[in-house]
Amino acid sequence: MAEDKKQAEAAEAVEAKVQAPVQDPQEFLENFNWTKYEQGIEQVDDAKLQEFEQLVAENFVDTMDEEVVQGTVVYLTDREAIIDINAKSEGVISLNEFRYNPDLKVGDKVEVLIDIREDKSGQLVLSHRKARTIMAWDRVNAAHDKEEIVNGFVKCRTKGGMIVDVFGIEAFLPGSQIDVKPIRDYDQYVGKTMEFKVVKINHEFKNVVVSHKALIEADIEEQKKEIIGQLEKGQVLEGVVKNITSYGVFIDLGGVDGLVHITDLSWSRINHPNEVVELDQKLNVVILDFDENKSRIQLGLKQLEKHPWEALSDEIKIGDKVKGKVVVIADYGAFIEVAEGVEGLIHVSEMSWSTHLRSAQDFVKVGDEVEAVVLTMDRDDRKMSLGIKQMTPDPWTDITTKYPVASKHTGIVRNFTNFGVFVELEEGIDGLIYISDLSWTKKIKHPSEFVTVGDKLEVEVLELDVEGRKLSLGHKQTTENPWDKYETEFALDTTHTGTIGEVVDKGATIDFNEDIQAFVPTRHLEKEDGSKLGKGDTAEFKIIEFNKEFKRVVASHTAIFKAEEQRNVKAAVKKAAAQADEAKPTLGDANEALQALKDKMEGKTK
């Protein structure tokens, strides 16, 4: 079979040669391809060669190392992107370099850097990250100069803000530039691609600052102008709680902030605004007031509801008993909420029948449920005064029966004054003990020298004024007056032994007992030998003055021996007279003797 085929082919070749026309030798030489004969290749036409070079220039790149070119994504795998840059081969780039662009797809144009034209395996090595870094600064500067909007990938949180990948550069996004409202959760932005505006570039330190807030401020400013232009008092707007402080709530009205003061949040008294509202809450508010520039807007929330006083029952009147909760306490009284938004004041004077005023904290505390009597009510001014002492009988109604004059009782010391002590006999019944009625014997300069607050004290009712609600009490009257006994014991000319205590300019003092302190004038301190008694000396003293009313006792030591001397002189005079009678002297002698005795008695004896 093979041999037959070969014979057939040979026959065809012979037949072709026979049929082929005979070529002119001259023509053959002119058309002979000497280039192919010498170089072994056929010569290309110049026009076709130029066309080929043009196609190469248009469709292929000169793949020089470290050069940034634009490529096209031709294929995507789970981990890599195949990039065509019109080179001999296609390059491969890890998808990690495209994390900032999760929407990468086939056909997208991307910038790449030719790292290596051919590696050991002949593969073209490309880098998108390096290409972005090289081109990034040009793009960032252009975006900053032209105020263009750029896309950035939020990589992570950092102190004071976020780190954003912009064109491959790590830019700083301050926390205050994320949004127009305060951000409480920064983590919600991590991993997101957002639009930004380049607001600052530091070329020396290669720092870039971007802002997302700047993009929305322009729109907000337009909204703000529109809202401010339409503001009217009494207008109701919808807003969002932007910030909560101890004094009020800031409401975002769509680019314009207004303040709801804590007193305008609720008709009821509240301690903090977070009892009524919470962050990001949407609510309706009414415009109460604003300044000329409409930059400070005062809002109200409670004004959207009917005032509680208008809803208060008409049946409540003066003298009625009401129940309520203590919401605020001051030194002068307590405020009681008898209905939501309706408060009454219980003055401290209406908390107890006692005339001795105390602080309201002594009677009630915040949160207490109390029952009180309506004392006054003004629906126009929305004021109400209450009393709780009226819930118990007035103790002064039967005061004459309980505390008649001269009756004795036990009370508690409640307060001091310079002139006396206030003693409480029972709740609502106070009496005054003047300082002079505290003790029969002690000289008291201030009541604190005698008693202390809280002491129990025996008292006697001295006077009673029912209309004036006044009781005059005495403490010393509950015991016998020791000066009645001392009046006899320390009568004039009685003699007592004592010791000199304190020595003063005009004399000295002697304590005969715990009640009697006598005074000895200086001239009465002289002893018989002419010297004077000093502090600590013990001697006998004669009482020369006793005043029960003024509790004054005066004593003398000198009077002791002076009295003895006088007795001796009288005896001598009597004896001399007797002797004279017996001797019957002359008148002149008698006169001389009498003169001598007289001089002796007067201290003129030499």
Least distance between heavy atoms, [X] atom then [Y] atom:
X: Gln303; Y: Trp267; value: CA-CZ2, 4.4 Å
X: Ala360; Y: Ala330; value: CB-O, 3.3 Å
X: Gly71; Y: Ile85; value: CA-CG2, 3.8 Å
X: Ile388; Y: Ala372; value: CG2-CB, 3.7 Å
X: Ile329; Y: Val364; value: CD1-O, 3.3 Å
X: His272; Y: Ile244; value: CE1-CG2, 3.9 Å

> Does the side chain of Ser211 pick up a donor-acceptor pair with the side chain of Lys197 at under 3.5 Å?
Replying inline: no
In Å and rounded to the nearest 0.5 Å, what is the [atom1] to [atom2] distance from [X] to [Y]?
X: Arg129; Y: Glu97; atom1: CZ; atom2: CD; value: 4.5 Å
X: Phe250; Y: Leu299; atom1: CZ; atom2: CG; value: 10.5 Å
X: Asp179; Y: Met194; atom1: CG; atom2: CE; value: 7.5 Å
X: Leu95; Y: Arg79; atom1: CG; atom2: CZ; value: 10.5 Å
X: Thr193; Y: Asp103; atom1: OG1; atom2: CG; value: 7.5 Å
X: Leu386; Y: Glu371; atom1: CG; atom2: CD; value: 11.5 Å

Evaluate the side-chain proximity of [Y] to [X]: yes if any heavy-atom separation is below 4.5 Å, no if none is.
X: Ile82; Y: Val92; result: yes
X: Val285; Y: Val236; result: no
X: Leu301; Y: Asn284; result: no
X: Leu126; Y: Leu113; result: no
X: Glu350; Y: Lys389; result: yes
X: Met384; Y: Val342; result: yes
X: Glu195; Y: Val150; result: no
X: Asp252; Y: Val241; result: no

Main chain of [Y], side chain of [X]: is a donor-acceptor contact present, judged purely on distance under 3.5 Å?
X: Asp108; Y: Lys105; value: yes
X: Thr72; Y: Val74; value: no
X: Asp84; Y: Asn86; value: yes
X: Asp320; Y: Lys317; value: yes
X: Ser385; Y: Thr376; value: yes
X: Lys456; Y: Val413; value: no
X: Glu305; Y: Lys302; value: no

>> Ile429 vs Trp396, test: side chain to side chain contact (heavy atoms under 4.5 Å, CB included). Steps then yes/no.
In response: CA-CA 7 Å; Ile429 304 295; Trp396 281 84; 3.3 Å; yes
One thing to verify: whether [Y] and [X] come together as a salt bridge, which I'm taking to mean a side-chain N less than 4.0 angstrom from a carboxylate O.
X: Lys325; Y: Glu337; result: no
X: Glu343; Y: Arg382; result: no
X: Asp455; Y: Arg414; result: no

>> Name the residue from Thr245, Ile262, Asn243, Val260 that meets the side-chain contact (heavy atoms from CB on, under 4.5 Å) definition with Pro273.
In response: Ile262
> After noting the C-alpha distance and the side-chain angles of Val328 and Val366, does the key distance pass the side chain to side chain contact (heavy atoms under 4.5 Å, CB included) rule?
Replying inline: CA-CA 6 Å; Val328 173; Val366 174; over 6 Å; no
>> Let's go through Leu173 and Tyr189 carefully: what are the C-alpha distance in whole Å and the side-chain angles of both, what is the deciding distance for side chain to side chain contact (heavy atoms under 4.5 Å, CB included) to 0.1 Å, and is it a yes or a no?
In response: CA-CA 11 Å; Leu173 172 64; Tyr189 295 95; over 6 Å; no
> So Val154 and Phe196, side chain to side chain contact (heavy atoms under 4.5 Å, CB included) or not? Walk me through it.
Replying inline: CA-CA 11 Å; Val154 182; Phe196 301 98; 4.1 Å; yes
Going by atom type alone, with no hydrogens or angles, which donor-acceptor pairs under 3.5 Å involve a side-chain atom of residues 155-168 and a protein atom two or more places apart or on another chain?
from	atom 1	to	atom 2	distance (Å)
Lys155	NZ	Glu170	OE2	2.6
Asp165	OD1	Gly168	N	2.8

>> Does anything in residues 123-162 form a ring-ring contact (aromatic ring centres under 6.0 Å, His included)? List the pairs, not counting sequence neighbours.
In response: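 As it turns out, the ring-ring contact (aromatic ring centres under 6.0 Å, His included) pairs with a partner in residues 123-162, which skip direct neighbours, are Phe98-His128, Tyr100-His128.
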State whether the number of non-hydrogen atoms from other residues, nucleotides or ligands found under 6.0 Å of [X] atom [atom1] is greater than 12.
X: Gln235; atom1: CD; answer: yes
X: Arg99; atom1: CZ; answer: no
X: Asp185; atom1: CG; answer: yes

